[in-house]
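The block underneath contains the structure these notes are about, expressed in structure tokens.
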Amino acid sequence: MDRRVPRRRAAGRQGAPVSLTDAQQQAAHAPGSVAVMAGAGSGKTHMLVARYLHHLQTLSPLEIVATTFTEKAAAELRARIRRGVQASRPDDFETLAELEAAQISTIHALCARIVRDHPAAADVRPDVTILDEGQARVWRARHLRPALAELPDRLFTHVSFSRMAGLLPALLDDPLLAERALSVGRDRWETWATQARAQALDELTGAASWQAAVHVLQTCSGTPGDRMEAVRREALTHLAALTGEGLMAAVAGLLELKLTGGSPKAWPNGDLAQVKEAVKTLRGHLEAAQKTGLLTLTPSAADEWLAAALPDVREAFVAVRDTLTRLKRQAGLLDFAALEVRALQALQDPAVRAHYHGRWRAYLIDEAQDTNPVQAELLDLLSGGAQRTLVGDEKQSVYGFRRADPALFRAAGALIASSGGAAVSLDRSFRTHAALVDTANRVFATLLGPLHAPLTADRAGPPGPAVEAWHLEDTKPKARARMAEAAHLAARVRALLDEPTLIYDPHLRGERPVRPGDIAVLTRGWAALRPIGRALAEAGVPVHEAGGGSLLDTQEARDGLALLAATALHDPAALVAVLRSPLGGVNDAVIWDLARARGEDGDWFRALETSTAPPLERARHLMGELRRLCRQEPPSVLLQQADRLTGYTAVLANLWDAERRLADWRGLTELVRQLERGHDETFTVVQALREMIQADVVVPRPPLEAGDAVILTTMHSSKGLEWPVVLVADLNWSAPGESGDVLLDAELGVGLRQDETPTVAWTLMAARRRAREEAEARRLLYVALTRARDRLILSANGPAKPGTLLGLLAPGLQAAGVDLQEFAAPARDPARAVKADPPAAPLPAALWPDPVELHPVPGPAPVVAGLTDVLTDDWAEILDLLDPAWTAWAQALADCGVPAPSDVHVDLPVDGRVSGTSALMLWRRSAGDVLLLEGQAPSPLARALTVHLHDPPDLVARQLQDALQ
């Protein structure tokens, strides 16, 4: 039945029209479909509201679909439309009522409506339940291995069971792409390799610097018999052979050329230095090309292995996919990926399409650049001949990890234009003043190339430079460089506040002094924000961490989970973690004594119950009380009681980021409360939390009111936001090397490596991914830099090296005339250094029989005598229990010049001498708050150093350096 709402004219008294620029007016009032390229700060949401109001002149809200990509954005869009309707037609109560039922939602909510409206066509149960991303991960982790166990053993001949279990989730994340990729065979691998070699060689030899180096070698010459003259001639011989079958030998020959030797007298024109530099340039290009694997790509034994393995992977994927699909159908469950596929399947039915073509007459698609291929196909089928308004900005497509493809937005816009629709560019920035816009235009013209669309400013700006860029040349050690950058940025923020710097306030329509809440610090990842936040707090600047990342990754969640696991599961690892946290409040010396007192059964809990050591009294009382309550109270009550007994939150309240930590503790308590609603047994809740951690579920951290504080957030999280002053930091970040076990491409198929040996398909896909990631990194820089309204400060704790964000940005800064200034690492002020608390008790004498002298760093590995008892079985067990991530701390200490262990598995010789790279034994608890560094070290560290802070390794290393000085 046709449920279309009849068209009607707008009712009620008309209010003032929405104020629009000419471009916004053209987009909002377009008679047909329109594709809108909306630059940063160009008022796209304002235009979308006007477009919606335009449709309301002839359509009901029930005939209009508006989609965006987050619940928050959808709620904001609905609120803005509601206000627009109230302002323009205040008496139209019917429209306001219908608006509450209108389809203004996320793309997944739209898909959910389709499958629930047409369950038979979507092949789902009518009462289907939609799992969010976290729930889906937990469900799959719970059912994947049983599904794998049903597979026949023959499927693991070429790919082991554990590897199959690791690669199948990547295939199941995008089942449609996986199905297409697995249908690609090996017949074109040789052709692809040949084409890739030719293209790589063309790119190599076509580079201007390569050609300049070749020209030098061809035009300069030395006296025959000179060593470098022989190298020059050999280089020319290899260059001539860089084709066909001689390619690999020529590459190897060029890479083996030596730059030693050569007499200036043999080069009468003084060309020796130029020739050496030319050879160096050629080798540099070749080394970079070699890293991609494309220049010498050829099928190998690894490809033969892949050809044999692919049928097994294909069969395993189909079997596991079908098993999981059957189990989900039986339980009436759909995850987001399956939801999109099922909605698309429903729309393949002509009757379903006809239903929606008659019901919905206009579509507004916001953030269209973030659409993935399935969503794009679904929207095409759904909209049919209806009017479409696509709004996006290809320059702001930064969600490739969600399979977003900006090319889809480009293609959809081109189709609208070719079909008689309009293409409109919103290029007037209402966010940024003229000076900053002009500088940004010059930067992005270089950074983005043809993708760049210049903006014009809506307001004039203050005199003086709007952009400043800083970097540090001396990056040794790395942790010291990070601390130097943090201190520099804190000083810059302090100066902005003290001067004071004036910023434009759109509400006042005038200038006022900047406040902390007007400033944001953006980085590529969350970890880089911690030292910056600490430095700002030390400088007396209020700080607000926006709360990204997962709640389950916070130290507070780890402490709480350890407490519940120790209580309900009798887990010794969890118990020791509790002891080392503020909940237990004991140091490793006490834990050492407890380990030795466990007796033959090795029971940590019995040892704690029977111990009479005073430092363990609080922990003994805590665990006894909780184990008593565990039989009658839910786990959330256990957390509350533990806080009352230990003052845990009082410890958090005295840290620099207390508000954030307290919120995370409350967030954990609320998460536990939610999990216990179905089953209030602590055991069940702990198992659920562990499943979530194992499945890498991201649980959002509780939001906080920022107040008047500097915002710390990531570049991705900043999308759609703006601040008067933006500091973009840690620009020496570079993407990690390709380490994916499986890569997928609809054209190239499935890429796997045999052990660490890449195949042709894997190498080609890795190259494509690197290109996509670099393009996305450029767009991410556009997003980050365009968040600023008045002032932009760029910073890196390293030079502008290739592959870093600063390396990508540097040519644009140069084109814009922005000097890259160097800041110096500030001298450390001992009065400002964070001092560690002394240990609660000295270490057992057996651990420290003699003082040990520190060897200089760098230098030979120390040999420490008399430590026979250090690595007993008890200590090895503690390490295994507590320290799965200790290597990150060890590396951070080594980067700081502080000796740290390179391996926990140190064999102790009979004579009691320990040799290795270690001058410190590092013990880190896995779920607590205390870091203990036990010194096989100089006298300042000849006893335990216990740090009662939740700090990253580089900050702890700073404390150690302060102690060493």
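In this chain, numbering begins with 1 at the start of the sequence shown.
- Residues Y782 and D393 meet the side-chain proximity criterion, which asks for heavy atoms closer than 4.5 Å.
- In this structure the side chain of V672 reaches within 4.5 angstrom of the side chain of L668, judged on heavy atoms.
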Would you sort out whether L171 and R321 count as a side-chain contact (heavy atoms from CB on, under 4.5 Å), showing the intermediate values?
-> CA-CA 9 Å; L171 301 176; R321 180 200 60 190; over 6 Å; no
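- Smallest separation of non-hydrogen atoms from F161 and A149: CE1-N, 4.2 Å.
- With a 6.0 Å radius and a threshold of 12 heavy atoms from other residues, nucleotides or ligands, E133 has its CD atom at or below the threshold.
- Looking at D132, its side chain does come within 3.5 Å of a backbone N or O of Q135 through a donor-acceptor pair.
- We find that R660 and D664 are joined by a salt bridge, their nearest charged nitrogen and carboxylate oxygen being less than 4.0 Å apart.
- The structure places CZ of R342 at 13.5 Å from CG of L378, a figure rounded to the nearest 0.5 Å.
- When atom types are taken as modelled, the side chain of N654 and the backbone of A650 share a donor-acceptor pair closer than 3.5 angstrom.
- Using modelled atom types, one finds a donor on one side chain and an acceptor on the other under 3.5 Å when comparing E367 with Q369.
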Criterion salt bridge (Lys or Arg N to Asp or Glu O under 4.0 Å) on E670 and R677, from CA distance to verdict | CA-CA 11 Å; E670 179 56 32; R677 286 172 186 164; 3.6 Å; yes
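- A donor-acceptor pair is defined here as one N or O able to donate and one able to accept, closer than 3.5 Å; such a pair exists between the side chain of R125 and the backbone of Q330.
- For CD of E681, the number of neighbouring non-hydrogen atoms (other residues, nucleotides, ligands) closer than 6.0 Å is greater than 12.
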Under the side-chain contact (heavy atoms from CB on, under 4.5 Å) criterion, do W723 and I519 qualify, and how do the steps go?
-> CA-CA 6 Å; W723 297 269; I519 303 172; over 6 Å; no
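- When side chains are defined from C-beta on, R769 counts as touching R772, because their heavy atoms get closer than 4.5 Å.
- Applying the 6.0 Å contact sphere to CD of Q632 captures more than 12 heavy atoms from other residues, nucleotides or ligands.
- Looking only at side-chain heavy atoms (C-beta outward), V521 and V543 stay at 4.5 Å or farther from each other.
- Between the side chain of R673 and the main chain of S636, no donor-acceptor pair closer than 3.5 Å is present.
- Side-chain atoms of R524 never come within 3.5 Å of backbone atoms of W733 as a donor-acceptor pair (strictly under, hydrogens ignored).
- With contacts defined as side-chain heavy-atom distances shorter than 4.5 Å, the pair D708/P542 does not qualify.
- Side chain of T129 to backbone of L333: no donor-acceptor contact under 3.5 angstrom is found.
- The shortest non-hydrogen separation linking R627 to R631 is O-NH1, 3.5 Å.
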Take K72 and E76 through the test salt bridge (Lys or Arg N to Asp or Glu O under 4.0 Å) and record every step on the way to the result.
-> CA-CA 6 Å; K72 181 179 178 181; E76 173 66 16; over 6 Å; no
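- Between the side chain of R145 and the backbone N or O of A141, no donor-acceptor pair lies under 3.5 Å.
- A distance-only check finds no donor-acceptor pair linking the side chain of T68 to the backbone of T70 [under 3.5 Å].
- In this structure, the side chain of N732 engages the main chain of N797 through a donor-acceptor pair within 3.5 Å.
- A donor-acceptor pair under 3.5 Å is absent between the side-chain atoms of H544 and the main chain of G707, judged by distance alone.
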Intermediate values then yes/no, salt bridge (Lys or Arg N to Asp or Glu O under 4.0 Å), D559 and R661 = CA-CA 12 Å; D559 287 348; R661 295 184 183 280; over 6 Å; no
For R482 and E485, run salt bridge (Lys or Arg N to Asp or Glu O under 4.0 Å): C-alpha distance rounded to whole Å, both residues' side-chain angles, the deciding distance at 0.1 Å, then the answer.
-> CA-CA 5 Å; R482 292 194 186 105; E485 181 185 25; over 6 Å; no
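- Within the 4.5 Å cutoff, the side chain of L529 has no heavy atoms near those of the E545 side chain.
- Contact annotation: the side chain of L622 approaches that of L563 to within less than 4.5 Å [non-hydrogen atoms, C-beta and beyond].
- Looking only at side-chain heavy atoms (C-beta outward), Q375 and T67 stay at 4.5 Å or farther from each other.
- Under a 4.0 Å N-O distance rule, the pair D173/R140 qualifies as a salt bridge.
- A619 approaches L608 most closely through the heavy-atom pair O-CD2, 4.3 Å.
- Pairing each heavy atom of T106 with each of A74, the nearest pair is N-CB, 4.2 Å.
- Ring geometry for Y648 versus W665: interplanar angle of 30 to 60°, hence tilted.
- In terms of heavy-atom proximity, M623 sits nearest to A566 at CE-CB, 3.8 Å.
- Aromatic ring orientation, F336 versus H108: parallel (interplanar angle below 30°, classes split at 30° and 60°).
- L379 contributes atom CG, which lies 10.0 Å from atom CG of L344 (distance to the nearest 0.5 angstrom).
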